[in-house]
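Note that the coordinates shown come from a computational prediction; the quantities given were computed from them, not determined experimentally.
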Amino acid sequence: MNKYQVKPGQEIILSDWDPGDRSAFVGDKDVAEERLGALNRELEELQELLYAESKHKVLIVLQGMDTSGKDGVIRHVFEGVNPQGVRVASFKVPSPDELAHDYLWRVHKQVPGKGEMVIFNRSHYEDVLVVRVHELVPEPVWKKRFDQINDFERILSREGTTILKFFLHIDLDEQKARLQARLDDPSKQWKFNPGDINERKLWPEYTKAYEDVLNKTSTTWAPWYIVPANRKWYRNLVIATVLVETLKGLQMSYPLPKEDLSGLVIE
Ligand code: ADP
């Protein structure tokens with residue numbers, strides 16, 4: 001999965017990254033779904049261990065254009081994990097109270113504690129994406145945020161947080177098909193937001209903003225992965241694989257009992 005990881009300072013031109021890529025997996029969709037099932041079970045066990053050991057903190061950031069599949073990742077990659085110890089934090093348009101504070105205030109409150117895994121559905125990166133594209137703050141203000149975000153994430157990392165950031169990469173045609181599918185299916189219409197049509201017109205501006213994010217904020221302590229996301233099964237497989245490999249790398253173990261339990265029998 002290393003090929004999807006952005007190296008620190010790497011110049012990113014998203015048109016060079018194929019959103020339909022499936023080269024890291026040999027086999028058809030059925031085999032992929034079986035593989036995902038196996039990864040789900042592995043993740044379930046690793047998360048149990050994370051919770052039991054209560055030492056590491058894990059933060060997963062999901063970003064991507066509208067319809068890129070953030071909700072789908074949460075549903076399919078984390079299927080089966082114990083809700084005790086896993087939490088989703090969604091970041092929407094800030095409330096007046098949130099706006100009265102610095103942009104990291106609401107974010108810092110949601111970071112994982114020991115033994116916890118938190119998934120950010122959107123994140124502090126909106127403060128250099130939508131905020132930049134819609135000129136919600138002046139350029140000198142958002143420009144300083146790349147360094148601030150790197151510093152913020154370094155603090156979290158040094159305090160024991162493992163951070164993984166996934167950019168779900170789809171193309172304009174795929175978004176068109178997904179928006180149309182939402183319109184055509186009564187059970188999906190609730191997901192359709194007329195504002196998405198205007199955002200879609202800003203695709204080049206968002207692309208530029210994402211390229212800067214990927215170029216400036218992929219660090220050794222909080223790397224970005226550009227996930228080919230036109231195929232949902234492939235997107236899920238890439239993220240589940242990175243997550244499982246990373247959690248295995250933490251070398252976690254179940255805590256030893258405080259006293260010798262050998263020979264103890266419950267009457
Ligand atoms: P989603 O599209 O994630 O399913 P919503 O339709 O509720 O959920 O969209 C959330 C909206 O909040 C997005 O349009 C996003 O750009 C916006 N948003 C998130 N963070 C900020 C921010 N810091 N400033 C302005 N808008 C934000």
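Taking 4.5 Å as the limit, some side-chain heavy atom of Val86 sits within range of a side-chain heavy atom of Ile119. Two residues are said to be in side-chain contact when any heavy atoms from C-beta on lie closer than 4.5 Å; Arg200 and Leu172 meet this criterion. Residues Val242 and Glu245 form no side-chain contact, since every pair of their non-hydrogen atoms from C-beta on lies 4.5 Å or further apart. At a threshold of 4.5 Å between non-hydrogen side-chain atoms, the residues Arg154 and Thr219 do not count as touching. The shortest distance between side-chain heavy atoms of Glu116 and Arg87 falls below 4.5 Å. Side-chain contact between Phe120 and Val107: present, with at least one pair of heavy atoms (C-beta onward) separated by less than 4.5 Å. Side chains of Lys70 and Arg122 form a contact here, defined as non-hydrogen atoms less than 4.5 Å apart. Tyr103 is listed as a side-chain neighbour of Ile149, based on a closest heavy-atom distance under 4.5 Å.
Following chains of ILVMFWY side-chain contacts shorter than 4.5 Å, one cannot reach Met65 starting from Ile74, and the two form parts of different hydrophobic clusters. Under the 4.5 Å side-chain contact rule for hydrophobic residues, Val238 and Leu214 do not share a cluster. Linking Ile, Leu, Val, Met, Phe, Trp and Tyr residues whenever their side-chain heavy atoms come within less than 4.5 Å leaves Leu247 and Tyr51 in two separate clusters. A single hydrophobic cluster is seen to contain both Val130 and Val141, as judged by linkage of ILVMFWY side chains at heavy-atom distances under 4.5 Å, directly or through other members. Follow the hydrophobic side-chain contacts under 4.5 Å out from Met117 and you reach Leu250 in the same cluster.
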Intermediate values then yes/no, side-chain contact (heavy atoms from CB on, under 4.5 Å), Arg145 and Val137: CA-CA 11 Å; Arg145 292 181 173 172; Val137 301; 4.1 Å; yes

Worked check of side-chain contact (heavy atoms from CB on, under 4.5 Å) between Leu59 and Leu164: CA-CA 6 Å; Leu59 174 61; Leu164 292 171; over 6 Å; no

Residues Arg178, Glu174; criterion salt bridge (charged side-chain N to carboxylate O under 4.0 Å, His left out); working and verdict: CA-CA 6 Å; Arg178 291 185 187 185; Glu174 183 61 26; 2.7 Å; yes

His134/Glu199 under side-chain contact (heavy atoms from CB on, under 4.5 Å): CA gap, chis, key distance, verdict: CA-CA 10 Å; His134 286 279; Glu199 293 303 281; 2.8 Å; yes

Evaluation steps, salt bridge (charged side-chain N to carboxylate O under 4.0 Å, His left out), between Lys191 and Asp71: CA-CA 11 Å; Lys191 283 197 196 179; Asp71 294 337; 5.3 Å; no

Verdict with supporting geometry, Leu243 and Phe78, side-chain contact (heavy atoms from CB on, under 4.5 Å): CA-CA 10 Å; Leu243 197 52; Phe78 297 90; 3.6 Å; yes

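Val93 belongs to no hydrophobic cluster with other residues, because no ILVMFWY side-chain heavy atom falls under 4.5 Å from its own, directly or through intermediates.
Looking only at atom types and distance, the side chain of Asp184 has a donor-acceptor partner in the side chain of Gln180 under 3.5 Å away. No side-chain N or O of Asp97 forms a donor-acceptor pair with one of Ser95 less than 3.5 Å apart. Inspection of the Lys3 and Ser23 side chains reveals an N or O donor paired with an N or O acceptor under 3.5 Å.
Between the side chain of Gln189 and the backbone N or O of Leu183, at least one donor-acceptor pair lies under 3.5 Å. Remark: the backbone N or O of Ala222 is paired with a side-chain donor or acceptor of Lys165 at under 3.5 angstrom. Side-chain atoms of Ser157 never come within 3.5 Å of backbone atoms of Glu153 as a donor-acceptor pair (strictly under, hydrogens ignored). Remark: side-chain polar atoms of Ser218 are paired, donor with acceptor, to backbone N or O of Trp224 under 3.5 angstrom. One N or O on the side chain of Glu211 and one on the backbone of Leu14 form a donor-acceptor pair closer than 3.5 Å. Between the side chain of Lys57 and the main chain of Glu159, a donor-acceptor pair closer than 3.5 Å is present. At least one donor-acceptor pair under 3.5 Å links the side chain of Trp221 to the backbone N or O of Asn150. Under the 3.5 Å distance criterion, the side-chain polar atoms of Arg182 are left unmatched by any main-chain donor or acceptor of Trp190. The backbone N or O of Ile163 sits nowhere less than 3.5 Å from a side-chain atom of Thr161 that would complete a donor-acceptor pair. Formation of a donor-acceptor pair under 3.5 Å by the Gln175 side chain with backbone atoms of Thr67 is not found in this model.
Between Ala229 and Ile170 the shortest heavy-atom distance is O-CG2, 3.5 Å. In plain terms, the two heavy atoms of Tyr210 and Gly64 that are nearest each other are OH-N, 3.1 Å. Residues Phe91 and Ser123 share a closest heavy-atom pair of CD1-CA, 3.7 Å. In this structure, Pro19 and His169 approach most closely via the heavy-atom pair CB-O, 3.2 Å. Scanning both residues, Asn82 and Gln47, for their nearest heavy atoms gives N-OE1, 3.0 Å. Across Asp127 and Trp142, no two heavy atoms sit closer than the pair O-CB, 4.0 Å.
Annotation: the span from Ile239 atom CD1 to His76 atom NE2 amounts to 11.5 Å, rounded to 0.5 Å. We find the CD1-CG distance between Ile226 and Leu168 to be 11.5 Å, quoted to the nearest 0.5 Å. Interatomic distance, Arg231 CZ to Asn236 CG, rounded to the nearest 0.5 Å: 13.5 Å. Distance check, rounded to the nearest 0.5 Å: CG of Asp196 to CG of Asp66 gives 4.0 Å. One distance of note links OG1 of Thr162 with CD1 of Ile60; it measures 10.0 Å at 0.5 Å rounding. Atom CG of Asp151 and atom CG of Leu156 lie 11.0 Å apart (nearest 0.5 Å).
Counting heavy atoms of neighbouring residues, nucleotides and ligands inside a 6.0 Å radius, atom NZ of Lys7 exceeds 12 of them. More than 12 heavy-atom neighbours from other residues, nucleotides or ligands sit within 6.0 angstrom of CD on Glu205.
Residues His108 and Phe152 place their aromatic rings such that the two centres sit under 6.0 Å apart. Ring centroid separation for the pair Tyr234 and Phe25 does not come in under the 6.0 Å cut-off.
Classification of the His101-Trp105 ring pair by plane angle, with boundaries at 30° and 60°, yields parallel.
For residues 29-42, the pairs satisfying side-chain hydrogen bond (donor to acceptor under 3.5 Å, both in side chains) are Arg41-Glu44, Glu42-Lys248, with sequence neighbours left out.
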